[in-house]
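Just so we're clear, the structure is a prediction, and the values are computed from it rather than from any experiment. Along the sequence shown, residues are numbered consecutively beginning with 1.
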Amino acid sequence: MKPANERRILLCATGLSPQVVTETLYALAVRQRPAWVPSEIHIITTREGAHRARLTLMQDGKGAVASLCADYTLRPPRFDETCLHVVQGADGNALEDIHDADDNTACADAMVRMVREFSADAHSALHVSIAGGRKTMGYLLGYALTLFGRPQDRLSHVLVDADFESHPEFFYPTPHTRVLYATRDQRPLDAKSAQVQLVDIPFVSLRSGVTDQLASDTGISFSEAVRKATVLVATHNVRVDVQARTLHYAEFDIALKPLAFLVWLWLALRAQHGEGPVSRHLFNTDPALRTGLCRSVKPHLAEMSALAAQLDNLHDDEKSALNTDGSKWLGERVNEINKDIEAALGTRGRTLLGVATLGPRARSVYALNLAPGRIEFI
């Protein structure tokens, strides 16, 4: 198994000033303590931005990235042609710049795909810099990290002395004197004295509990990811389709296994009728409670008769398991419920619609987190 965060990815948005890449690399790997040295660098940019990055940062392994690593004895990160990601427009051609709403959409979708892909690796840590490119690029890239970022991921901006900011020949503070001339008045400047500061930008991660289930959607667009996240952040009523054994939550459908659905419905009806949580211990020792699992739903929903009958017609081995260790059988159904809900809605959805285990294990009880008033039957 790989050690945690073995893959360290620096992802930068750049435009006409590729220097932000080496400035950020310097701040992370040289100035910061402890140092954070990326194992690979990726740039998302336009066609012209990629051209400038090739000439200044790469230059067949002799560019500014290689020079910085040599100057400060850093292990060179992977940084080659495959690390340049040029945004393509709706026509499939590389964007020269972001001119209109369609270009902006293409850029947003590309950033979501990249952040989603890089964050899908459990052994990676992603550092996103929004210092370069147009302001909209930085905003969109930061928003993409909000959707898919994890605790080990970071977002930052780099600040550089005014004399060196956007200077075409300044890429990082050198360990030795290097004379440059100010672009305004041609004053001599020493690159060694330049101050570069990294500003961490806190961000609220929606991935844990909201968009974690979107991370597997390789084709999701920026607008679709935002729309689905917005739906999941809000609180909706649950519409229960008994015949289809399905829970409808906003636009999401959660189909539960027959017996798991029976248990979920049983707990929902108990809550609606003020009967309270189900004790694991009593379910294990009281046959009447197990029988009530079927009988309690029949007076309320005629459609449940056939479903409840499935519990009466269990295979001998499962019927034996239910009667021998009812708490284990019930726990397995609860796990099925929570697993299927989390697969559809993420951990927040599981918290909202799933079954909670309350109290110490020996005396724990099962109950729905959902308020009875938020359950509708169709």
L95 and R47: side chain to side chain contact (heavy atoms under 4.5 Å, CB included), yes or no, with the steps?
-> CA-CA 6 Å; L95 291 184; R47 180 166 57 185; over 6 Å; no
Could you walk me through whether I375 and F377 pass the side chain to side chain contact (heavy atoms under 4.5 Å, CB included) test, one step at a time?
-> CA-CA 7 Å; I375 301 174; F377 291 97; 4.1 Å; yes
Side chain to side chain contact (heavy atoms under 4.5 Å, CB included) between Y366 and V263, intermediate numbers included | CA-CA 10 Å; Y366 290 126; V263 170; over 6 Å; no
Trace of the side-chain hydrogen bond (donor to acceptor under 3.5 Å, both in side chains) decision for H167 with T183 | CA-CA 7 Å; H167 193 295; T183 54; 5.6 Å; no
F164 and D161: side chain to side chain contact (heavy atoms under 4.5 Å, CB included), yes or no, with the steps?
-> CA-CA 5 Å; F164 296 95; D161 289 346; 3.9 Å; yes
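Note on V87 and V112: same hydrophobic cluster, where clusters join Ile, Leu, Val, Met, Phe, Trp and Tyr whose side-chain heavy atoms are under 4.5 Å apart, directly or indirectly. With hydrophobic clusters built from ILVMFWY side chains whose heavy atoms lie under 4.5 angstrom apart, V65 does not share a cluster with V128. Placement of L145 and Y139 within a single hydrophobic cluster is found when ILVMFWY residues are connected by side-chain heavy-atom separations under 4.5 Å, directly or transitively. V86 and I9 fall into different hydrophobic clusters, where Ile, Leu, Val, Met, Phe, Trp and Tyr are joined by side-chain heavy atoms under 4.5 Å apart, directly or via other members. With hydrophobic clusters built from ILVMFWY side chains whose heavy atoms lie under 4.5 angstrom apart, V21 shares a cluster with F170.
Judged by distance alone, with hydrogens and angles left aside, the side-chain atoms of T174 form a donor-acceptor pair with the main-chain N or O of H176 at under 3.5 Å. A donor-acceptor distance shorter than 3.5 angstrom exists from the side chain of R31 to the backbone of V196, with no hydrogens or angles considered. Of the possible donor and acceptor atoms, none in the side chain of Q272 sits under 3.5 Å from a partner among the backbone N and O of A268. The backbone N or O of P175 lies less than 3.5 Å from no partner atom in the side chain of R178, so there is not a single donor-acceptor pair. Side-chain N or O atoms of Q59 include one that pairs as donor or acceptor with a backbone N or O of L55 at under 3.5 Å. Looking at W264, its side chain never comes within 3.5 Å of a backbone N or O of V334 through a donor-acceptor pair.
The distance from the CG atom of L259 to the CG atom of L330 is 11.5 Å, given to the nearest 0.5 Å. With values rounded to the nearest 0.5 angstrom, H127 atom NE2 is found 10.5 Å from L25 atom CG. With values rounded to the nearest 0.5 angstrom, M114 atom CE is found 9.0 Å from L126 atom CG. With rounding to the nearest 0.5 angstrom, the CD1 atom of I130 is 10.5 Å from the CG atom of L140. If you take OG on S39 and CZ on R75, they are separated by 8.5 Å, rounding to the nearest 0.5 Å. Of the inter-residue distances, the one linking T357 atom OG1 with N335 atom CG reads 7.5 Å to the nearest 0.5 angstrom.
By the 4.0 Å N-to-carboxylate-O rule, K257 lies close enough to D340 to be salt-bridged with it. Using a cutoff of 4.0 Å between basic side-chain nitrogens and carboxylate oxygens, E342 and K339 are not scored as salt-bridged. Classification of K192 and D190 as a salt-bridged pair fails, no side-chain N sitting under 4.0 Å from a carboxylate O. Remark: D163 engages R187 in a salt bridge, criterion side-chain N to carboxylate O under 4.0 Å. Between E117 and R113 no salt bridge is recorded (no basic side-chain N to carboxylate O distance below 4.0 Å).
Annotation: side chain of E23 is in contact with side chain of V158 (closest heavy-atom distance under 4.5 Å). For the pair E336 and L256, the minimum side-chain heavy-atom distance is 4.5 Å or more. Side-chain contact between D80 and R78: present, with at least one pair of heavy atoms (C-beta onward) separated by less than 4.5 Å. Annotation: side chain of T246 is not in contact with side chain of V240 (no heavy-atom distance under 4.5 Å). The shortest distance between side-chain heavy atoms of D200 and L155 does not fall below 4.5 Å. With contacts defined as side-chain heavy-atom distances shorter than 4.5 Å, the pair L198/R154 qualifies. Proximity of L247 to F261: side-chain heavy atoms (C-beta onward) are separated by under 4.5 Å at one or more points. Counting only heavy atoms from C-beta outward, the side chains of L11 and L141 approach each other to under 4.5 Å.
Closest of all the heavy-atom pairs between A144 and V115 is O-CG1, 3.7 Å. A pairwise comparison of heavy atoms in M137 and I44 identifies CE-O, 3.7 Å as the closest pair. Nearest heavy-atom pair, N338 versus G354, reported as atom, atom and distance to 0.1 Å: OD1-CA, 3.3 Å. Residues L84 and A53 approach most closely at CD2-CB, 4.0 Å, considering heavy atoms. The two residues C69 and P77 make their nearest non-hydrogen contact at SG-CD, 3.7 Å. F79 approaches I41 most closely through the heavy-atom pair CD1-O, 3.5 Å.
F203 and Y143 have their aromatic ring centers separated by at least 6.0 angstrom.
Residues H42 and E40 have side chains that bring a donor and an acceptor to within less than 3.5 angstrom of each other. Counting only N and O atoms by type, the side chains of N237 and Y249 include no donor and acceptor under 3.5 Å apart. T45 and H85 share no side-chain donor-acceptor pair at under 3.5 Å.
Y181 shares a hydrophobic cluster with V179; the chain of contacts runs through ILVMFWY side chains whose heavy atoms sit under 4.5 Å apart. If you chain together ILVMFWY residues whose side-chain heavy atoms come under 4.5 Å of each other, V365 ends up grouped with L358.
When each of T24, T22, D71 is paired with Y172, the side chain to side chain donor-acceptor pair (under 3.5 Å) condition holds for D71 and for no other.
Atom CZ of R239 sits in a sparse spot, with 12 or fewer heavy atoms from other residues, nucleotides or ligands closer than 6.0 Å.
Every side chain to side chain donor-acceptor pair (under 3.5 Å) that R150 has, sequence neighbours left out, goes to S124, D153.
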